[in-house]
Amino acid sequence: MKKTLLTLLLITILFSCKKDDDDQTPIEQLPAATQVGANTAGCLVNGQVFLPKGSSQFGPTLSCFYQQLEDGYHFGLAITEKGSNENRTVNISLNPEELLEGNTYSLTSIIIGEFNYISNFAEFRISSNTNATIRYITTDNYIGELTVNRLDTQQRIISGTFWFNAKRAEEIIEVREGRFDMRYIN
């Protein structure tokens, strides 16, 4: 009887132990790929975990919108990691006629002027407290994709996955394993 109780106690302790983030792979540290409007998002930037974090005093660290305007539908997702000296942001923008559940959208930029986008695009942006901004953007040669896994316009939930390569001068940023599950504003 004592052996049985001791065995059950040890099994309970082993299964109740949570893995530390240090013991998890980068992908395991990302939020689960849910479709319930959990307001979560994350990705890997050059293999490193990228999650929304920091003070929201100067704006949200995670935001999403999907709306219809005069010129069509617009979708935006921003994931920001706020630090003491700089903010890093993953931005995605889609401007299709209308998003459809199950569809995959190409992330390519057509640029007129300096950073005036007229198409679907993605970027990784680093903004310092000195107002200097470095942008890595998708181009015709450095592209990505966003897949809409769930779109519920009644409950305003949009979930999906994304990846992209973005370029600045000769440097390339690789964003992989991106996922989001958001209640969007319209």
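- A distance of 10.5 Å separates CZ in Arg179 from CG in Asn149, rounded to the nearest 0.5 Å.
- The CG atom of Leu94 sits 11.0 Å away from the CG atom of Asn103 when rounded to the nearest 0.5 Å.
- In this structure, Arg183 contributes its side chain and Asn39 its backbone to no donor-acceptor pair below 3.5 Å.
- Listed by chain and residue number, Phe50 satisfy the ring pair (Phe, Tyr, Trp, His ring centres under 6.0 Å) test with Phe124 (two or more places apart in sequence, or in another chain).
- Put simply, the side chain of Ile134 reaches to within 4.5 Å of the side chain of Tyr136, judged on heavy atoms.
- When every heavy atom of Arg176 is checked against every heavy atom of Trp163, the shortest pair comes out as NH1-CE3, 3.6 Å.
- Side chains of Thr104 and Leu146 form no contact here, defined as non-hydrogen atoms less than 4.5 Å apart.
- Considering CD1 of Ile173 and CZ of Phe164, their distance stands at 9.0 Å, rounded to 0.5 Å.
- Side chain of Asn46 to main chain of Glu174: a donor-acceptor pair is present (N/O by atom type, distance under 3.5 Å, no hydrogens or angles).
- No path of Ile, Leu, Val, Met, Phe, Trp and Tyr side chains, each step under 4.5 Å between heavy atoms, connects Ile157 with Val36, placing them in separate hydrophobic clusters.
- Here the shortest heavy-atom pairing between Val175 and Phe162 reads CG1-CE1, 3.8 Å.
- Legend: residues meeting side-chain hydrogen bond (donor to acceptor under 3.5 Å, both in side chains) with Ser128, ordered by chain and number and at least two apart, are Thr130.
- Between the side chains of Thr34 and Asp181, at least one donor-acceptor pair of N or O atoms lies under 3.5 Å.
- With sequence neighbours left out, the ring pair (Phe, Tyr, Trp, His ring centres under 6.0 Å) criterion links Tyr66 to Tyr73, Tyr184.
- Under a 4.0 Å N-O distance rule, the pair Arg150/Asp152 qualifies as a salt bridge.
- Counting heavy atoms from C-beta on, the side chains of Leu51 and Lys53 never come closer than 4.5 Å.
- Glu28 places a side-chain N or O within donor-acceptor distance of the main-chain N or O of Thr25, the cut-off being under 3.5 Å.
- With rounding to the nearest 0.5 Å, the separation of CD1 in Ile137 from CZ in Arg125 is 12.0 Å.
- Contact check for Leu100 versus Tyr105: side-chain heavy atoms found under the 4.5 Å cut-off.
- Between Phe180 and Pro31 the shortest side-chain heavy-atom distance does not fall below 4.5 Å.
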**OP:** Tell me, with the steps shown, if Val148 and Ile158 meet side-chain contact (heavy atoms from CB on, under 4.5 Å).
**Re:** CA-CA 7 Å; Val148 176; Ile158 187 164; 4.3 Å; yes
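- Across all non-hydrogen atoms, the minimal contact from Asn186 to Arg156 is ND2-CD, 3.8 Å.
- Heavy-atom minimum distance, Lys167 versus Ile172: CG-CG1, 4.3 Å.
- Atom-to-atom distance recorded for Phe65:CZ and Leu77:CG is 9.5 Å, nearest 0.5 angstrom.
- Nearest heavy atom pair, residue Leu44 against residue Pro26, reads CD2-CB, 3.7 Å.
- The CG atom of Leu107 lies 8.5 Å from the CD1 atom of Ile143; values are rounded to the nearest 0.5 Å.
- Of the N and O atoms on the side chains of Thr80 and Thr89, at least one donor lies less than 3.5 Å from an acceptor on the other residue.
- Side-chain atoms of Asn91 never come within 3.5 Å of backbone atoms of Ala122 as a donor-acceptor pair (strictly under, hydrogens ignored).
- The heavy-atom pair separating Pro52 from Ala41 by the smallest distance is CD-O, 3.2 Å.
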